[in-house]
Amino acid sequence: MRIATWNVNSLKARQDRVLEWLELRQPDVLLLQETKLADDAAPLMAFGMAGYELVHHGEGRWNGVAIASRVGTADVVANFGDGPVRDSGPGSGLSQTAEGDFDPLDEARMVSAVCGGIRVVSLYAPNGRALDTPFYAGKLAWFGRLSRWLEETRDPEEPLVLGGDLNVAPEDLDVYEPADFVGTTHTSAPERAALDRLLDWGLEDVVRRFHPEAGFYTWWDYRGGNFHKNLGMRIDHLYATAPVAARATGAERDRDARKGTLPSDHAPIWVDLAD
DNA sequence: ATGTCCCAGTCTCTGGGA
C-alpha cells in the first residue's frame, strides 16, 4: 500500500498534473492540501474516472484539504469534528487581513477518513507569517487543537497516518540555511515542540527513517530559481503510528513533480507499506 | 534578489497570501 501527500497549490490549476501523477506513481491514497476549492467545485468526477474517490473539505479561495483514495473512504472527519467551515466569500466575516477576525480553527485545514484499514489525516498547518503576529499564535493554537484531537479521540495503537503540509522544518538539516531562519517561522522552538508533541503521542516520522540526509526538501519558493539551487525546506511530512510504521518498506519524494510547466511549489512524498 | 505563482474582484489589472 502506498500513501502519499502533496500540497498542490490549487487543485483547479493543478488537476491535470495531479491526475497524471496518480497514473504515474499509483498511490492507493493521496492526501491533498491547498486545493483552494469550495466543496461543490471539487472534481469528484475526474478523480472517479481515474479510479479514486475524493473526500474534500474546502472553503473556496484559501486552504482546502482532501483525500483521494482507491481503497475506500469511511468515517470521514472534517475540521476535527468541530463543525462546518464558514464560507470565506464576501460578507462571511472571515478575513485574511483583519487580524481580529482571524482564527485558523475556522479554516479548512483538516480532513480524515479510513482508507484500506488505515485512518489517514490530511493536514494543512497555518503558515504563521511572522513570530510577532496573531497568525503565529494561531498556528500554535491550531497545532494544539490537532494534538488534543489525537489525545482525546484517537489511540496510538490504531493504524493511523497523519500527513500534509505542516509548515514546520523539524531540524536545521531540513532548511537550506539555518542562520537565515533565526527569528522567522517554520523553525522556531515552539513550532518544533508542536511536532515533538505529535511524535511523543505515538507517531514516527517515517520519511526521516528512510531519508536522514540533509537537503531532502519538499518545498522550494517559486522565486529566484530556488528550486534549481535546491534552496528549500522539508515542511511536508508523513507520520505513522507503530502498527503502520512497522509495515513501512520505503519512503520517497518525487522531485520531478516540482519541475516543468506550472508546478506546485511543493513536491509529493510517499511511504510504502507491506501488506 | 520585492526575482513567482495562486486567487477573486476592483476584472486584460490589482492586491493579498505563500
> To the nearest angstrom, how far is A/L11 atom CG from B/dC7 atom C1'?
Replying inline: 14 Å

>> Between A/G224 and A/K36, which residue's closest nucleotide on DNA chain B lies nearer the 5′ terminus?
In response: A/G224

> Considering only side-chain heavy atoms of A/N9, which listed nucleotide, B/dC6, B/dA18, B/dC7, is closest?
Replying inline: B/dC6

> Going from CD on A/E53 to CZ on A/F47, what distance comes out if it is rounded to the nearest 0.5 angstrom?
Replying inline: 12.5 Å

> Taking atom C1' in both B/dC11 and B/dG16, what distance in whole Å separates the two?
Replying inline: 16 Å

> A/R129 CZ to B/dG17 C1': how many Å, rounded?
Replying inline: 7 Å

> Rounded to whole angstroms, how far apart are CG on A/N7 and C1' on B/dA18?
Replying inline: 9 Å

> Given atom CD of A/E59 and atom P of B/dC7, what is their separation to the nearest angstrom?
Replying inline: 15 Å

> Atom CG of A/L231 to atom C1' of B/dT4: distance rounded to whole Å?
Replying inline: 15 Å

> Considering residues at least two apart in sequence or located in another chain, which fulfil the side-chain contact (heavy atoms from CB on, under 4.5 Å) criterion with A/T153?
Replying inline: A/W149

>> Using whole Å, what does the distance between atom C1' of nucleotide B/dG17 and atom CZ of A/R109 come to?
In response: 11 Å

> Under 4.0 Å between a side-chain N/O of A/R14 and OP1 or OP2 of B/dC6, yes or no?
Replying inline: yes

>> Say we look at B/dG15 and B/dT10: how far apart would their P atoms be, to the nearest angstrom?
In response: 13 Å

> So which one's nearest nucleotide on DNA chain B is more toward 5', A/W219 or A/G225?
Replying inline: A/G225

> How long is the line joining CD of A/Q33 and C1' of B/dA18, in whole Å?
Replying inline: 14 Å

> Among B/dG16, B/dA18, B/dC6, which nucleotide sits nearest the side chain of A/W62?
Replying inline: B/dG16

> When the distance from CG of A/N63 to P of B/dC6 is rounded to whole Å, what number comes out?
Replying inline: 17 Å

> Does A/R223 place a side-chain N or O at less than 4.0 Å from the phosphate oxygens OP1/OP2 of B/dT2?
Replying inline: no

>> Parallel, tilted or perpendicular: which one describes the rings of A/W270 and A/W21, with boundaries at 30° and 60°?
In response: tilted

> Nearest of B/dC6, B/dG16, B/dT4 to any side-chain atom of A/Y222?
Replying inline: B/dT4

> Can a salt bridge be assigned to the pair A/R197 and A/D200 using a cut-off of 4.0 Å between side-chain N and carboxylate O?
Replying inline: no

> If we take the P atom in both B/dT2 and B/dC7, what is their distance in whole Å?
Replying inline: 24 Å

>> Quick check: A/Y176 with A/F181 (ring centres under 6.0 Å apart)?
In response: yes

